[in-house]
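Order of the sequence lines sets the chain letters (A, B, ...), proteins ahead of strands, with each chain counted from 1. What you see is a predicted model; the values in this text were computed from it and never measured.
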Number of protein chains: 2
Amino acid sequence: MAKLDFRPIADTTRRAEIVALLRRAILTGQLEPGQKLNELRISEQMRVSRAPLREAMRELVQEGILTSIPYAGTFVIDVTAKDIIDAYSFNKVLDEFAIELAWPQRDPRFFDELDRRHGAVKQATRAVDTTRQIETALQLHGLIYEWADNSVLLETWQRLTNRLQMYFALHQRARNEPVPAEDVHETYVALLKGADMRAAQRHAREHIDLDFEELLSYARGLEKRASKN
Amino acid sequence: MAKLDFRPIADTTRRAEIVALLRRAILTGQLEPGQKLNELRISEQMRVSRAPLREAMRELVQEGILTSIPYAGTFVIDVTAKDIIDAYSFNKVLDEFAIELAWPQRDPRFFDELDRRHGAVKQATRAVDTTRQIETALQLHGLIYEWADNSVLLETWQRLTNRLQMYFALHQRARNEPVPAEDVHETYVALLKGADMRAAQRHAREHIDLDFEELLSYARGLEKRASKN
DNA sequence: TATTGCTAGATTGTCGACAATCTGCTTGTC
DNA sequence: GACAAGCAGATTGTCGACAATCTAGCAATA
């Protein structure tokens, strides 16, 4: 028999679809930080009962992008400057570890996938689709985690990615102008193809620091607005 | 007015209590890896309807100690040797980072708390309460994470802790004899009080490696049993 | 005026029942 | 006997209604 491995078919529960819808709405910034999610209203809009909606919301609470206060409501998490700082300094450590683990695992499939994802970023950049640009950049970045072959690390990064995507999206929306068209990932990709692991780790840190500065200025703006209330 | 800060009152939803009950049952090994959770049976035992139970289970799925297959059921996660290896190598990196962040934050309250938690471990050891021994040891270990002042790091460690507690509990149950009575944390505590951060980081690695060996032998046993099916 | 107690409306938490899906067994066919 | 079809029971997913709780506003009181 010809070898052909099928992937598991899609989960066809309402709950799973609701999770995807809500997550997307939050990560793209359609639902703003601190905003309350009214169960009745959302369930009516989605033509769904409150039970699967509530279960979906519990999942997203544990995923770290919603927060729930009993009998008061469920809210999109607030974003503070410190949250962003914490996420980024943590991401540095994770990146270093991921590169270390993934390094000896690099194979032809890795390099192919690297180019493919890099291409996706460039395409989104050309199309000036900022949301997709963020998504694809994070997917490119996630490759080393997938190749690191450490389930806990991968899981942790996926959680972190959610937050990062949200932060970037908020930042983009706030400054209201397209992202730089130049390709900031060229060096990163080249280093991952090279032979110097330390150099790749070093660049990952610096590369991150770049966007970090921009995000921080956005976060500081948030802080100011919050202190006015 | 005298300054007196109250803590938020306890969540008093059924859901929260169910989460606590189930989590405890899983982490202590009362619910075994791979075991299926029958919603109707559990809800009857707890005298609760299935709605809050299901919501609680969704939370635990996202917490990483349950796994859910649509229309098939929700199960306690399986434990493989690789899971344990992954968790431990990840824990090493996290520990190193946590010590680095917590180091300059050490203050009198830190040292007090360090002694208090160390005392709790010793007490549980004397009482030969293995479950509590695991709990307190992890709490002792968690101190550096609480002092690191990085929300993402802390959150990640709390997730990891769940797994570690489960692994240790399974290991204890399997070998069916009390844990060594000697105090393996003495050096760790002393180093955290000292002035040499690198030494503390180094010891954290080695200290972990000790218990790791034991856990691994247990995990390998699991692997064998699994391959027989 | 400031504070307390109360009420009405809205919202979340929980329940019991029904619908959709899976699993194992039985039946029928070759 | 091997195998597919189909049925019955059990279990999960979803629904609509009710109970518990919160919030805002108003009245009462000092």
Side-chain angles (χ1 to χ4, degrees), chain A residues 1 6-23 25-26 31-63 65-78 229, chain B residues 1-2 4 6-23 25-26 31-63 65-78 229:
Chain A
M1 200 204 288
F6 291 101
R7 353 183 106 258
I9 69 168
D11 293 356
T12 66
T13 59
R14 297 194 195 296
R15 182 181 72 239
E17 282 199 56
I18 298 171
V19 166
L21 276 177
L22 284 180
R23 188 193 289 122
I26 296 165
L31 285 168
E32 291 177 12
Q35 189 173 341
K36 178 173 177 180
L37 303 187
N38 185 307
E39 296 177 3
L40 198 58
R41 193 153 46 80
I42 295 180
S43 69
E44 280 168 356
Q45 287 176 356
M46 291 190 180
R47 308 282 178 79
V48 158
S49 83
R50 283 173 55 224
L53 172 62
R54 283 174 59 86
E55 291 186 16
M57 285 164 94
R58 288 315 140 230
E59 290 191 22
L60 294 175
V61 166
Q62 287 311 104
E63 236 177 63
I65 57 180
L66 288 182
T67 173
S68 161
I69 303 174
Y71 290 106
T74 305
F75 308 82
V76 179
I77 57 165
D78 276 318
N229 301 355
Chain B
M1 198 200 289
L4 174 61
F6 291 100
R7 355 179 104 258
I9 68 169
D11 292 357
T12 164
T13 59
R14 297 194 196 290
R15 182 181 72 239
E17 282 199 56
I18 298 171
V19 166
L21 275 177
L22 284 181
R23 189 191 288 120
I26 296 166
L31 284 168
E32 291 177 11
Q35 189 172 342
K36 178 174 177 179
L37 302 187
N38 185 310
E39 296 177 3
L40 197 58
R41 193 153 46 80
I42 295 179
S43 69
E44 280 168 357
Q45 287 177 358
M46 292 191 182
R47 307 284 179 77
V48 157
S49 82
R50 283 174 55 223
L53 172 64
R54 282 174 59 86
E55 290 186 16
M57 286 163 92
R58 285 320 138 228
E59 289 191 22
L60 294 174
V61 166
Q62 286 311 104
E63 239 178 60
I65 58 180
L66 288 182
T67 172
S68 161
I69 304 175
Y71 290 105
T74 305
F75 309 82
V76 179
I77 57 165
D78 276 318
N229 300 355

TODO: Apply side chain to side chain donor-acceptor pair (under 3.5 Å) to A:Arg23 and list each qualifying residue two or more places apart in sequence or on a separate chain.
DONE: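 Residues passing side chain to side chain donor-acceptor pair (under 3.5 Å) with A:Arg23: A:Glu63.
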- [ ] Not counting sequence neighbours, which residues clear side chain to side chain donor-acceptor pair (under 3.5 Å) with A:Gln35? List them please.
- [x]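 With sequence neighbours excluded, A:Gln35 shows a side chain to side chain donor-acceptor pair (under 3.5 Å) to no residue whatsoever.
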Open item on the list: Which heavy atom of A:Val19 sits nearest to which heavy atom of A:Glu59, and what is that distance?
Closed with: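 Closest heavy-atom pair between A:Val19 and A:Glu59: CG2-OE1, 3.6 Å.
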Report all interatomic pairs (protein N or O, nucleotide N or O of nucleotides 20-25 of chain C) with separations under 3.5 Å.
none

Side chain to side chain, [X] and [Y], heavy atoms closer than 4.5 Å:
{"X": "B:Leu66", "Y": "B:Val76", "result": "yes"}
{"X": "B:Met46", "Y": "B:Pro52", "result": "no"}
{"X": "B:Ile18", "Y": "B:Ile42", "result": "no"}

TODO: Mind listing the residues from residues 45-61 of chain B sitting with a heavy atom below 4.0 Å of DNA chain D? Number order is fine.
DONE: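 Going residue by residue through residues 45-61 of chain B, the ones with a heavy atom under 4.0 Å of DNA chain D turn out to be B:Arg50, B:Arg54, B:Arg58.
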Open item on the list: Taking side-chain contact (heavy atoms from CB on, under 4.5 Å) as the definition, give me every residue that meets it alongside A:Leu40, ordered by chain and number, with sequence neighbours left out.
Closed with: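 A:Leu40: side-chain contact (heavy atoms from CB on, under 4.5 Å) contacts with A:Asn38, A:Ser43, A:Glu44, A:Arg50.
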Task: Sugar-phosphate, base or nothing in reach of B:Leu37, heavy atoms under 4.0 Å - done: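 Here B:Leu37 touches the backbone only, sparing every base.
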TODO: Output all residues satisfying salt bridge (charged side-chain N to carboxylate O under 4.0 Å, His left out) with B:Arg58, sequence neighbours left out; order by chain, then residue number.
DONE: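 Only A:Glu55 meet the salt bridge (charged side-chain N to carboxylate O under 4.0 Å, His left out) criterion with B:Arg58.
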Rounded to the Å, how far apart are [X] [atom1] and [N] [atom2]?
{"X": "A:Ile42", "N": "D:dC15", "atom1": "CD1", "atom2": "P", "result": "15 Å"}
{"X": "B:Glu17", "N": "C:dT14", "atom1": "CD", "atom2": "P", "result": "10 Å"}
{"X": "A:Leu40", "N": "D:dC15", "atom1": "CG", "atom2": "P", "result": "13 Å"}
{"X": "A:Glu39", "N": "D:dT14", "atom1": "CD", "atom2": "P", "result": "16 Å"}

Open item on the list: Side chain of A:Arg15 only, heavy atoms from C-beta on: which candidate in C:dG13, D:dT12, D:dG13 is closest?
Closed with: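 Closest of the options to the side chain of A:Arg15: D:dG13.
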Open item on the list: What's the closest nucleotide to the side chain of A:Lys36 if the choices are C:dT12, D:dT12, C:dT14?
Closed with: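 Selected nucleotide (nearest to the side chain): C:dT12.
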